Chemist: 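Got a structure for you, written out below as structure tokens; questions coming shortly.
For clarity, every value in this text was computed on a predicted model and none was experimentally measured. Whatever order the structure lists them in is the order used to number ligands and atoms, beginning at 1.
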Amino acid sequence: MSKAAVVVGVQWGDEGKGKVVDALAEHFDVVARYQGGANAGHTVVAEGRKYILQLLPTGIVRPDRQALIGNGVVIDPEALAREVQCLEDAGVQVGQRLLISDRAHLILPCHRTYEVAAEAARAEGKLGTTSKGIGPTYEDKAGRRGLRTSDLRDAAVFREKCREFLEEKNRLTAALFGSKNDDGAWIDRYLAVSQLIVPRLINVSAFLNDALDAGQRVLFEGAQGTLLDLDHGTYPFVTSSSAAAGGACTGTGVGPTRLDAVIGVSKAYTTRVGSGPFPTELFGEEADKIRERGGEYGAVTGRPRRCGWFDVPLARYSARLNHLRTLVITKLDILDHLAEIPVGIGYELDGRCLDGFPADATDVERLTVRYTTLPGWQEPTFGLQEHDQLPRRAQDYLKFISAEIGVPIAMVSTGPERQQTIWIGSSSHRVIG
Ligand code: IMP
């Protein structure tokens with residue numbers, strides 16, 4: 001069985017990775033988040049209780065699992081404190097099961113202010129971000145001026161670094177957006193919450209490599225999705241981190257040859273939240289119906305998600321980029337009502353068939369999608385647990401998707417609860433190889 005597996009979103013996020021990571025975590029000792037921040041919304045339903053995790057690794061919900069936040073994640077200390085409190089109130093003992101990289105960057109209040117001002121200034125070309133300060137924090141990381149978790153270890157050093165940082169930042173935001181100065185009133189609040197962070201700081205790379213050396217199993221949890229990846233997604237309508245599988249290495253400090261499986265999670269249809277091109281997007285009543293049936297509203301922002309048909313070329317692009325070993329298909333039951341199900345099977349641009357996925361978002365916007373229509377099953381699949389129980393046409397739908405992408409489907413999710421899951425090929429071991 002795989003010792004180090006990565007779970008990635010195949011589409012634009014919200015594929016249901018939370019449930020999948022929770023299900024797989026049963027077979028792993030450590031779950032490590034490798035990128036993003038509290039822009040994610042991973043929903044887990046366990047024993048009738050619903051947990052929405054934004055920053056914490058999903059593994060935290062299972063007792064005895066070690067949950068790690070890698071260096072590739074950006075942390076809002078106050079959001080982290082709220083999330084830990086929320087979980088503890090719900091009876092989940094977090095304690096020292098949560099460990100945090102001493103190299104992760106901190107989201108500061110001015111990052112959120114900057115993001116809101118930058119979005120407002122964009123007028124037409126808004127990215128539709130989550131306003132959590134994610135992009136500006138990664139900008140400062142790349143600009144080599146960011147503050148990191150390790151800076152919280154010494155209050156005096158932290159204050160001094162914040163002062164230097166604000167001096168530059170204030171000049172910049174005043175010049176760009178006319179924003180008023182950030183007086184650093186939050187510094188004391190951050191230092192107060194640092195009591196939650198500092199005792200948990202570790203070198204995540206050393207921890208994970210030692211754990212793997214000792215024969216432990218590690219699950220790397222991606223947030224967002226491959227088409228939101230900063231390098232490979234529909235740039236500039238992307239998030240600011242490496243959401244694809246490669247991010248697991250840079251975001252935790254584990255070498256690529258240690259990873260032995262990548263599991264892609266995809267909805268049985270497609271959704272997207274925020275701006276940007278979406279070739280198989282649906283509008284009107286058909287979209288509304290899927291949105292309502294699928295509860296397609298952002299877990300973080302509550303925004304209605306845009307809905308569309310399954311997009312084979314997009315999934316194929318994602319499968320290759322991540323070198324997917326297996327696929328998990330979620331929310332199959334949302335399509336139960338349909339008499340016919342169109343599936344996007346090819347792209348054309350300016351009258352020419354395309355092989356790959358265009359680099360330019362304006363080209364993606366201009367694509368014409370070729371569809372094939374599969375017959376719907378019009379029978380309930382909600383909660384089914386055996387592949388044989390699925391209507392024949394639902395089995396054919398899955399078979400078609402898998403054959404078109406060239407990746408076997410190893411798990412199908414038929415509802416939010418842990419047990420509403422079909423393991424194809426007799427056991428969960430198939431999924432992780
Ligand atoms: P940011 O990550 O807040 O900078 O937002 C950039 C883009 O990624 C926006 O279109 C967001 O809606 C989208 N996004 C960020 N996080 C998620 C997520 O967890 N699920 C789906 N979309 C997301």
Chemist: Please walk me through it: do T43 and K50 pass side-chain contact (heavy atoms from CB on, under 4.5 Å)?
Modeler: CA-CA 7 Å; T43 307; K50 183 170 168 180; 3.7 Å; yes
Chemist: At a 4.0 Å threshold, what atoms of ligand 1 neighbour a non-hydrogen atom of L228?
Modeler: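 This gives 8 (O), 13 (C), 14 (N), 22 (N), 23 (C) as the contact atoms.
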Chemist: Applying salt bridge (charged side-chain N to carboxylate O under 4.0 Å, His left out), name anything that partners R258, two or more places apart in sequence or on another chain.
Modeler: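 Applying salt bridge (charged side-chain N to carboxylate O under 4.0 Å, His left out) to R258 gives D213.
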Chemist: Heavy-atom distances under 4.0 Å decide this one: backbone, side chain, both or neither, for T301 against ligand 1?
Modeler: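 No part of T301 comes within reach of ligand 1.
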Chemist: Side chain of E83, backbone of L56: donor and acceptor closer than 3.5 Å?
Modeler: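 Judged by distance alone, yes, a pair lies under 3.5 Å.
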Chemist: Does an N or O anywhere in S131 fall below 3.5 Å from an N or O of ligand 1?
Modeler: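 By distance alone, the answer is no.
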Chemist: To the nearest 0.1 Å, how far is atom 2 (O) of ligand 1 from its closest protein heavy atom, and which atom is that?
Modeler: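 Scanning the protein heavy atoms, the shortest distance from atom 2 (O) of ligand 1 goes to T239 OG1, 2.6 Å.
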Chemist: Run the numbers for me: atoms of ligand 1, each under 4.0 Å from some heavy atom of W12, listed by number.
Modeler: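 Here the atoms of ligand 1 in question are 21 (C), 22 (N).
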Chemist: Are any of the heavy atoms in A223 under 4.0 Å away from ligand 1?
Modeler: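 In this structure, A223 fails to qualify as a contact of ligand 1 - no heavy atom is under 4.0 Å.
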Chemist: Please check if any side-chain donor atom of N203 sits under 3.5 Å from a side-chain acceptor atom of S101, or the reverse.
Modeler: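 S101 and N203 do not have a side-chain donor-acceptor pair below 3.5 Å.
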Chemist: Determine whether any heavy atom of V238 lies closer than 4.0 Å to an atom of ligand 1.
Modeler: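 The answer is yes: ligand 1 sits under 4.0 Å from a heavy atom of V238.
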Chemist: Strictly by modelled atom types, are T330 and K19 linked by a side-chain donor-acceptor pair under 3.5 Å?
Modeler: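 No, no side-chain donor-acceptor pair sits under 3.5 Å.
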Chemist: Taking atom types as modelled, find out whether S2 and D260 have a side-chain donor-acceptor pair closer than 3.5 angstrom.
Modeler: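 Yes, side-chain donor-acceptor contact under 3.5 Å.
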Chemist: Among T129, V273, T130, which residue places a heavy atom closest to atom 22 (N) of ligand 1?
Modeler: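 Of the listed residues, V273 has the closest heavy atom.
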Chemist: Just need the protein heavy atom nearest to atom 20 (N) of ligand 1, so name the residue and atom and give the distance.
Modeler: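 The protein heavy atom lying closest is D14 OD1, 3.0 Å.
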Chemist: Does either side chain, that of H111 or that of T137, offer a donor lying less than 3.5 Å from an acceptor on the other one?
Modeler: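 Short answer, yes.
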Chemist: Identify, by atom number and element, the atoms of ligand 1 in contact range of G128, meaning under 4.0 Å from any of its heavy atoms.
Modeler: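 Every atom of ligand 1 under 4.0 Å from some heavy atom of G128: 9 (C), 10 (O), 11 (C), 12 (O).
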Chemist: With only distance considered, is S240 within less than 3.5 Å of ligand 1 through an N or O on each side?
Modeler: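 Between S240 and ligand 1 (N or O atoms, distance only) the closest approach is not under 3.5 Å.
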Chemist: Of the choices R303, E15, R272, which has the non-hydrogen atom that lies closest to atom 12 (O) of ligand 1?
Modeler: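 Looking at heavy atoms only, R303 sits closest to atom 12 (O) of ligand 1.
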Chemist: With sequence neighbours excluded, tell me which residues meet side chain to side chain contact (heavy atoms under 4.5 Å, CB included) with Y235.
Modeler: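 Result, side chain to side chain contact (heavy atoms under 4.5 Å, CB included) vs Y235: L230, V238.
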Chemist: Using distance alone, with no hydrogens and no angle criterion, decide if T129 and E115 have a side-chain donor and acceptor under 3.5 Å apart.
Modeler: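 Yes, because at least one side-chain N or O of T129 sits under 3.5 Å from a partner of the opposite role on E115.
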Chemist: Measure the distances from the heavy atoms of Q224 to every atom of ligand 1 and state whether one is below 4.0 angstrom.
Modeler: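 So Q224 counts as touching ligand 1.
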